[in-house]
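Predicted, not measured: the structure shown is a model, and the values here were computed from it. For ligands, and for the atoms within them, numbers begin at 1 and follow the listed sequence.
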Amino acid sequence: MSHFGSYEDRVKDFDWSIAEKELEYNDGDVINIGWYCTDRICQMGKGEKTALLWEGFGGTEKKFTFNDIRIASNTIGSFLRELGVKNEDRVCLFMDRIPELYLGFLGVLKIGAVAQPLFSAFGDESLFVRLDNAQTTAIITTRKHVSKVRKIVEKMPYLKHIIIVDYDGKKPLRDREVAFSLEEATPVEEFECFPTTAESPSVLHYTSGTTGQPKGVKHVHYSLISQYLTAKWVLDLHDDDIYWCTADPGWVTGTSYGIIGVWSLGVTQCVLDSGFSADAWYKFIDKHRVTVWYSAPTAIRSLMKAGAEIVKNNDLSSLRHLASVGEPLNAEAVVWSQEVLGKPFHDTYWQTETGSMMLVNFPGMKVKPGSMGRPFPGITAVVLDPESLEPIKEPGRPGLIGFKPGWPAMMRTYWNNEETYKSKFANGWYLPGDRSSIDTDGYFWFTGRDDDVINTGGHLVSPFEVESALLEHEAVAESAVVAKPDEVNMEVVKAFVTLKPGVEATPELELKIMNFIRKKLSSIAMPQEIEYMAQLPKTRSGKIMRRVLQAKEWGEEIGDTSTLEDDE
Ligand code: WTA
């Protein structure tokens with residue numbers, strides 16, 4: 001029996017106090033996510049229950065109980081405290097999906113500091129802009145990634161501590177670097193968490209916009225209320241579940257549902273610290289008897305490509321509930337999973353800024369393949385006419401998605417960028433920047449983004465960031481970066497460049513430019529292709545028209561170019 005029951009019943013008398021009651025939280029109380037995910041679960045008598053089943057590259061395994069993760073997060077928290085890291089200081093976590101990432105995240109929260117997880121594939125330039133914006137005090141990393149920090153350390157006087165969690169003593173530590181080993185540190189049994197309250201900052205996730213530098217989305221400890229209840233009802237997590245969230249905690253899904261939702265419910269999760277391979281993924285599900293699986297459309301499309309035959313080599317009968325997020329989940333993928341895995345993927349829509357799921361397909365609710373589902377109870381969602389910003393009444397007509405502000409996990413601001421934060425609201429609605437229509441049954445159907453951000457395999461890439469990196473190359477005069485269609489990733493990055501006078505447009509140069517920007521950005525932001533142009537299409541005042549280039553890639557009509565030539 002799912003936790004959810006009927007949609008109508010749940011929506012009728014919904015109040016977020018349902019979650020507050022279950023979490024025994026009263027208005028004004030101390031609320032610390034680190035404590036809720038560990039100490040509270042132990043106090044409930046589940047200390048010996050497995051919290052984390054971890055499998056590394058090459059098959060190494062580690063297992064942690066809730067008591068283990070309680071003590072480990074205490075130990076990391078007290079190490080940070082001894083270094084002098086204080087509440088509200090930003091602490092970056094820059095690691096592959098190793099246990100220290102998950103346990104460090106909780107340790108940071110326990111001392112009231114702000115956890116700033118960053119995807120470990122980021123190059124030094126991407127890392128720098130995010131640390132600089134947050135004026136980060138400390139970074140927790142590994143030998144594999146510390147060289148990127150070293151490259152930029154001189155530009156970061158505010159960064160006081162570089163903590164290396166797998167230091168092997170082979171090479172001397174440098175200025176500001178310090179070693180910490182979870183295995184060798186004295187376990188801290190008793191620990192006083194910082195008494196954070198509802199509005200204390202908790203997590204800072206960076207997300208890409210069309211213009212300007214990436215934005216730091218500021219969340220608070222009260223977000224737990226939404227994350228707990230959505231994880232329980234939408235992911236349908238029960239006490240005996242084995243849950244697998246394939247997202248990296250460098251992105252919001254990996255923290256909201258890969259740490260906070262699951263562990264605040266006291267549920268066991270497994271983590272696979274290696275890249276995608278259909279065979280390895282199926283084996284992982286089989287081996288750990290995964291029951292609830294939260295993944296992403298690109299992964300599902302890659303599994304589809306790998307074929308139904310390899311599914312049969314494994315026993316996937318443990319799977320009870322499947323959900324997806326991050327990009328449009330095409331109807332074929334839902335139909336495929338129903339046929340091959342015997343269960344449909346349930347699409348969920350939300351974003352870094354919303355902190356928790358907004359539009360969802362609940363277990364037990366009729367799944368319409370291709371639809372994002374319906375608003376989570378307590379969420380008022382509409383589509384707005386782009387001109388009047390009034391809700392569209394007729395079913396089927398697309399408009400801008402709008403949410404009524406005020407759910408617990410809503411971002412509180414963009415770090416150091418209140419102006420952009422304010423620009424996301426209009427006419428009393430929060431505008432996530434996506435378009436959708438609503439059908440007669442109240443189901444939402446995604447129709448596209450409302451900006452130039454590229455969603456490649458579920459990762460948002462800012463054209464601006466890639467363009468800036470390209471412009472740093474000595475041969476590049478101008479650049480424009482757009483999305484190009486792709487079978488598996490839906491969109492991939494494509495760059496157009498004009499070269500400086502006298503520079504010859506050769507394939508060798510393309511390779512050189514690629515290598516140059518690879519070091520600065522991350523693998524996901526890398527263009528699949530660089531096309532040379534004699535000149536880029538521009539507005540009269542010289543603004544590059546990405547839309548014209550993008551329309552060409554998608555074989556679309558460019559439309560009325562007289563408006564395109566006007567400045568927006
Ligand atoms: C897109 C990830 C269609 C959307 C949790 C959104 C989706 C952005 C869906 C957020 C979905 C997410 N269908 N599009 N089910 N889910 N998106 O911030 O454009 O990395 O605004 O958060 O991904 O991406 P973000």
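Judged by distance alone, with hydrogens and angles left aside, the side-chain atoms of Arg90 form a donor-acceptor pair with the main-chain N or O of Ala134 at under 3.5 Å.
With rounding to the nearest 0.5 Å, the separation of CE in Met372 from CZ in Phe446 is 6.5 Å.
Note on Glu491 versus Lys484: no salt bridge recorded, every NZ/NE/NH1/NH2 to OD/OE distance being 4.0 Å or above. By the 4.0 Å N-to-carboxylate-O rule, Glu332 lies too far from Arg301 to be salt-bridged with it. For the pair Asp452 and Arg547, the salt-bridge criterion is not met [side-chain N within less than 4.0 Å of a carboxylate O].
Any N or O atom pair closer than 3.5 Å counts here, and Glu353 shares no such pair with ligand 1. Of the polar atoms of Phe446, none of the N or O atoms is found under 3.5 Å from an N or O of ligand 1, judged by distance alone.
Heavy atoms of Asn455 come nearer than 4.0 angstrom to ligand 1 in at least one pair. Taking 4.0 Å as the cut-off, Gly433 does not count as a neighbour of ligand 1 on heavy-atom distance. Contact analysis leaves Trp251 out of contact with ligand 1, as no non-hydrogen atom separation drops below 4.0 angstrom.
Atom 25 (P) of ligand 1 has Thr352 OG1, 3.4 Å as its closest protein atom, hydrogens excluded (heavy atom only). In this structure, atom 21 (O) of ligand 1 lies nearest to the protein heavy atom Asp434 OD2, 2.5 Å. Here the protein heavy atom with the shortest distance to atom 8 (C) of ligand 1 is Arg449 NH1, 3.7 Å. Nearest protein neighbour of atom 24 (O) of ligand 1, counting heavy atoms only, is Leu460 CD1, 3.5 Å. The protein atom (non-hydrogen) at minimum distance from atom 11 (C) of ligand 1 is Glu327 O, 3.4 Å. The shortest contact between atom 23 (O) of ligand 1 and any protein heavy atom is with Gly326 O, 3.3 Å.
Residue Pro328 approaches ligand 1 through these ligand atoms, each under 4.0 Å from one of its heavy atoms: 3 (C), 13 (N), 14 (N). Close approach of ligand 1 to Thr253 (heavy-atom distance below 4.0 Å) involves ligand atoms 5 (C). For ligand 1, the atoms closer than 4.0 angstrom to any heavy atom of Asp347 are 15 (N). Near Val252, the atoms of ligand 1 lying under 4.0 angstrom from a non-hydrogen atom of the residue are 5 (C), 22 (O).
Residues in residues 120-131 take part in these side chain to side chain donor-acceptor pair (under 3.5 Å) pairs, two or more places apart or across chains: Asp96-Ser120, Arg130-Glu465. Sorted by first and then second residue, the side chain to side chain donor-acceptor pair (under 3.5 Å) pairs involving residues 258-276 (not counting sequence neighbours) form an empty list.
Both the backbone and the side chain of Trp350 come within contact range of ligand 1, each with a heavy atom under 4.0 Å. For Gln351, heavy-atom contacts with ligand 1 shorter than 4.0 Å involve the backbone as well as the side chain. Residue contacts with ligand 1, taken as heavy atom pairs separated by less than 4.0 Å, involve Thr348 solely via the backbone atoms N, CA, C and O.
Screening Leu109, Thr196, Val108, Asn32 for a side-chain contact (heavy atoms from CB on, under 4.5 Å) involving Ser202 leaves a single residue, Leu109.
Not less than 6.0 angstrom separates the ring centroid of Trp233 from the ring centroid of Tyr228. With ring centers used as reference points, Phe284 lies under 6.0 Å from Trp244. Trp293 has its ring centre less than 6.0 Å from the ring centre of Phe345.
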